[in-house]
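Have a look at the structure below, then the notes.
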Amino acid sequence: MTDAICPCRVTDADKRAYADCCKPYLEDGKSPPTAEALMRSRYTAFTRADIDYLEETLAPGTRDDFDRKAITHWSKQSQWLGLEVLSTEAGGESDDSGFVEFVASFTIEGQRYDHRERSLFKKVDGRWYFQEEANRKNEPIVKGKQPGRNDPCPCGSGKKYKKCCGAAA
């Protein structure tokens with residue numbers, strides 16, 4: 001896969017190879033230098049069912065609700081279609097926090113989903129972590145068939161839908 005286009009770049013004009021994009025974070029133990037790089041690597045981790053990486057990149061203190069079994073099932077059952085970064089706010093190498101707004105597209109059981117989210121990332125001891133979904137939009141987060149109450153939340157938080165994005169619906 002190292003020569004293949006990175007899953008986080010499928011819909012971008014910048015079609016970087018996996019080896020030059022997310023591989024250093026997922027396989028070589030490097031820390032993503034920006035909030036966007038972490039968000040992209042987390043999307044790629046979903047496409048590869050790298051559940052350890054998804055858990056490790058959750059901010060300390062936010063891992064209590066991480067449902068490994070549900071996330072593994074969701075990650076492996078989905079066909080990942082692409083990631084579109086809509087905007088970034090701060091989150092650079094010299095920042096301590098930042099926001100990334102994106103749309104992650106996937107299909108599961110033949111149904112397409114376009115998950116839109118604005119995520120908050122925080123840097124702790126020089127390393128970026130996913131903190132939480134921030135400033136949820138009034139429009140639906142997931143277009144298409146909604147997940148069931150006990151399904152894993154499509155936002156990737158590791159929580160059940162009813163305790164995450166479904167709680168605000």
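If you read the sequence from its start, that first residue is 1, and numbering goes on from there.
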**Request:** Quick one: do Asp14 and Arg16 satisfy salt bridge (charged side-chain N to carboxylate O under 4.0 Å, His left out)? Show the steps, please.
**Result:** CA-CA 6 Å; Asp14 175 17; Arg16 266 187 253 170; 2.8 Å; yes
**Message:** Taking Asp28 first and then Lys23, would you say they form a salt bridge - that is, a charged N and a carboxylate O separated by under 4.0 Å?
**Reply:** yes
**Gap separating the NZ atom of Lys15 from the CZ atom of Arg9, nearest 0.5 angstrom** = 11.0 Å
**Face-on cation placement of Arg42 at Phe130 ring, 6.0 Å and 45° thresholds** = yes
**Message:** Tell me every residue that passes salt bridge (charged side-chain N to carboxylate O under 4.0 Å, His left out) with Glu132, counting only those two or more places apart in sequence or in another chain.
**Reply:** none
**Message:** For Lys123, I'd like to know if atom NZ has over 12 heavy atoms of other residues, nucleotides or ligands within 6.0 Å.
**Reply:** yes
**Asked** Quick one: do Arg116 and Asp114 make a salt bridge, cutoff under 4.0 Å?
**Response** no
**Message:** For Leu81 and Gln79: C-alpha separation, side-chain torsions, deciding distance, then whether side chain to side chain contact (heavy atoms under 4.5 Å, CB included) applies.
**Reply:** CA-CA 6 Å; Leu81 304 175; Gln79 178 184 359; 4.2 Å; yes
**Message:** Please report the interatomic distance CG(Leu38) to OG(Ser31), rounded to the nearest 0.5 Å.
**Reply:** 8.0 Å
**Parallel, tilted or perpendicular, as decided by the 30° and 60° cut-offs, for the rings of Tyr43 and Trp80** = perpendicular
**Item:** Whether Thr107 side chain and Gly110 backbone form a donor-acceptor pair below 3.5 Å
**Value:** no
**Asked** Checking ring-ring contact (aromatic ring centres under 6.0 Å, His included) for the pair Trp128/Phe121: CA distance, chi angles, key distance, verdict?
**Response** CA-CA 7 Å; Trp128 283 103; Phe121 294 85; 7.2 Å; no
**Prompt:** Residues two or more places apart in sequence or in another chain: which of them pass salt bridge (charged side-chain N to carboxylate O under 4.0 Å, His left out) with Asp52?
**Reply:** Arg68
**Tyr25: ring pair (Phe, Tyr, Trp, His ring centres under 6.0 Å) partners, not counting sequence neighbours** = none
**Prompt:** Crowded around Glu89 CD? As in, over 12 foreign heavy atoms under 6.0 Å?
**Reply:** yes
